[in-house]
Amino acid sequence: MSLWLKYWFNIGSFFETMQPNIRVLKLFGLFPYTISHVRAPPDPARSHQNAVTGCNRSSKMLKSEVKFMDVVVFTLWQTFFLQMLYASWPKMFFDIPVSRIITMVTLILYLLAGFNCSASSTLVLLFRKKFMRMVQLVEEADRLFVRYFHEIDHPKLHLVCVALLLGSFFCQGLLLLNDVTAGQNLVNTSLITQDMAKLAVTSYYYIVRTAHVTCVTAFISGLFGFRERFLAFNRHLRVCFLERTSAEHTPSFSKMMCQIQGFTVIYSNLCDAIQAFCTIFVWQPMMFCASVIVTSVFSILTIGHVLTDPSTIVLSLARIHAAVAIFYTFIFLLLVKLGSDLKREGKQTAVLVHKAINQSSKTPALVERLVLFSHHLQHQRPVVSCGLFSFDWTLALSIISALATYSVILIQFELGVPKFFISAILQQNAEMSATNP
């Protein structure tokens, strides 16, 4: 068997599943430390406990350390992210024939994008212990899955993780190709010139955008892994307490009590892990929501201009903004879908537990344990949140209403204010054509 196949089929833990995300984030300086396996010291008490319970724990543990290359990469990316604060590029922006409102929105987004990348990498470094705790919680939940039910399909989760990252890079490559061809049309048909200052600012934008989208994609792959675990959790909860027929062998009372205890620990670990995961990595998805709004509004304006003035300049701008808006919208919908699924599975767990209570009314001790589990569910829910809002379909409806509001406002500006956004380029280009026929 080849080395790649051995690597693929030997994936058996949450840490190994998320290795592609960690490597990509380290490439962009957003994961500034190294996690490695070390052999755990022998513990006779734990060995005796594992022999009694039949739970084979791994003899390796995870260790995090900040290496020299991590410091170098982190420093270089911090310098790159924050260089826009000290460069003289804002003057070039104000020379572009657009309104000051559009200029200020663009400047603020550029500054926030770089600052957000810098702050995200710093927070990941500060929350290093929290990240290690999150990995331990998930791996403990996976061991309980193996003990009571069946093993988590880690190769499948790893495949989805790799597919999401490769799909993200492929789509961003297509976006870059689209922007290059559309930008060449703008250079050939308008007064927009191509110089080193614009090339530097454009390169900064594409690099920051790639890092930004990659972080959101890694966040989505993490949510997918959590969702699969909650789906398996509810599926086994249904099989153990609701779908057992009378012809089947009824498990012993002690085994059912142990299963309920295992369900409680798994649910608690996964909820705590999701909370830690959001605390560490949610800043990029939160900024991504603002990017979705801005790109969608610009796309609506440019597409509206195509209907009234299908010139080459307007078509090029529509291609640029519409392609980015479609790509961002797809990622946003995937993010919202997974967040909503996790929230729904948490509610489904409560429904299943209450059904199990009704069906186990003849066993008071079992009902009492299920009631305690039900009370526990009231205090913990798998919610994907940044503290300001949750990533579910309510957020999607809020963004749709914001798009409608901002689009109407900007359309009014476009109709009433001279040289605003697209009309600025068209008017300036017409003046240049009249001056230099």
Side-chain angles (χ1 to χ4, degrees), residues 11-28 30-33 35 62 64 117 120-121 123-125 127-142 145 152-169 211-233 266-267 269-289 330-346 381-387 390-392 395:
I11 296 173
S13 67
F14 174 69
F15 173 71
E16 294 173 351
T17 301
M18 61 190 301
Q19 275 299 305
N21 291 331
I22 294 178
R23 292 192 180 100
V24 172
L25 293 180
K26 286 176 69 70
L27 179 64
F28 290 104
L30 299 171
F31 200 90
Y33 54 90
I35 301 177
L62 296 177
S64 65
C117 289
S120 298
S121 57
L123 288 175
V124 171
L125 179 61
F127 290 144
R128 182 174 57 171
K129 293 183 178 179
K130 186 181 288 291
F131 178 82
M132 299 298 296
R133 176 60 179 164
M134 180 198 73
V135 175
Q136 292 173 1
L137 288 172
V138 178
E139 293 193 344
E140 178 68 23
D142 291 348
F145 265 113
I152 297 295
D153 192 358
H154 294 288
K156 173 190 173 182
L157 300 179
H158 187 274
L159 176 62
V160 172
C161 177
V162 173
L164 285 173
L165 290 174
L166 293 179
S168 172
F169 286 124
H212 182 49
V213 173
T214 303
C215 287
V216 178
T217 305
F219 187 83
I220 289 174
S221 63
L223 293 184
F224 180 83
F226 285 118
R227 190 195 69 168
E228 290 299 305
R229 286 172 171 84
F230 270 100
L231 287 173
F233 179 88
I266 291 173
Y267 185 88
N269 284 6
L270 291 180
C271 288
D272 290 340
I274 290 175
Q275 183 179 2
F277 181 74
C278 293
T279 301
I280 300 171
F281 299 106
V282 81
W283 301 101
Q284 292 286 350
M286 183 173 62
M287 179 67 188
F288 184 76
C289 294
F330 175 77
I331 296 178
F332 174 76
L333 292 177
L334 188 58
L335 175 63
V336 169
K337 174 68 167 56
L338 292 174
S340 180
D341 287 348
L342 281 171
K343 189 175 182 179
R344 186 192 68 237
E345 292 302 319
R381 292 289 177 87
V383 178
V384 182
S385 173
C386 65
S390 299
F391 292 90
D392 51 22
L395 175 62

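Hydrogens, waters and symmetry mates are skipped; everything else that's a heavy atom, side chains included, is used. One-based numbering along the sequence shown.
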Could you tell me whether the side chain of [Y] reaches within less than 4.5 Å of the side chain of [X], counting heavy atoms only?
X: Met134; Y: Phe14; answer: yes
X: Asn21; Y: Cys161; answer: yes
X: Ile35; Y: Phe131; answer: yes
X: Ile22; Y: Pro20; answer: no
X: Leu223; Y: Arg227; answer: no
X: Val160; Y: Glu228; answer: no
X: Val213; Y: Val216; answer: no

With sequence neighbours excluded, tell me which residues meet ring pair (Phe, Tyr, Trp, His ring centres under 6.0 Å) with Phe28.
Trp77
Looking at residues at least two apart in the chain, or sitting in another chain, which of them share a ring pair (Phe, Tyr, Trp, His ring centres under 6.0 Å) with Tyr33?
Phe31
Could you walk me through whether Leu25 and Cys215 satisfy the side-chain contact (heavy atoms from CB on, under 4.5 Å) test, starting with their C-alpha distance in whole Å, then the side-chain angles of each, then the deciding distance to 0.1 Å, before giving a yes or no?
CA-CA 7 Å; Leu25 293 180; Cys215 287; 3.7 Å; yes
Can you measure from [atom1] ([X]) to [atom2] ([Y]) and round to the nearest 0.5 angstrom?
X: Lys343; Y: Asp392; atom1: NZ; atom2: CG; value: 4.5 Å
X: Phe15; Y: Met132; atom1: CZ; atom2: CE; value: 7.5 Å
X: Phe230; Y: Leu270; atom1: CZ; atom2: CG; value: 4.5 Å
X: Leu334; Y: Lys337; atom1: CG; atom2: NZ; value: 8.5 Å

Considering all heavy atoms of both residues, which atom of [X] and which atom of [Y] are nearest to each other, and what is their separation?
X: His158; Y: Glu16; value: CD2-O, 3.5 Å
X: Phe277; Y: Gly222; value: CZ-CA, 3.9 Å
X: Cys278; Y: Ser385; value: CB-O, 3.5 Å
X: Gly225; Y: Leu157; value: CA-CD2, 4.2 Å

Is the backbone of Ala218 close enough, under 3.5 Å, to the side chain of Ser221 for a donor and an acceptor to pair up by distance?
yes
side-chain contact (heavy atoms from CB on, under 4.5 Å) for Leu338 and Val384? Distances and angles first, verdict last.
CA-CA 9 Å; Leu338 292 174; Val384 182; over 6 Å; no
Taking only distance into account, with no hydrogens and no angle test, what donor-acceptor pairs under 3.5 Å do side-chain atoms of residues 280-288 form with protein atoms, sequence neighbours excluded?
residue	atom	partner	partner atom	Å
Gln284	OE1	Asn116	ND2	3.3
Gln284	OE1	His212	ND1	2.5
Gln284	NE2	Ser120	OG	3.3

Lys130 NZ: over 12 foreign heavy atoms closer than 6.0 Å:
no
Over 12 non-hydrogen atoms of neighbours within 6.0 angstrom of CD in Glu139
yes
Ionic contact status for Asp142 with Arg229, cut-off 4.0 Å
yes
Which of Leu164, Leu159, Leu166, Leu165 passes side chain to side chain contact (heavy atoms under 4.5 Å, CB included) with Val162? Answer is Leu166
Would Leu30 and Val124 satisfy side-chain contact (heavy atoms from CB on, under 4.5 Å), going step by step from the backbone distance to the final call?
CA-CA 7 Å; Leu30 299 171; Val124 171; 5.9 Å; no
So Phe145 and Phe233, would you call those rings parallel, tilted or perpendicular, with 30° and 60° as cut-offs?
perpendicular
Checking side-chain contact (heavy atoms from CB on, under 4.5 Å) for the pair Phe226/Glu345: CA distance, chi angles, key distance, verdict?
CA-CA 11 Å; Phe226 285 118; Glu345 292 302 319; over 6 Å; no
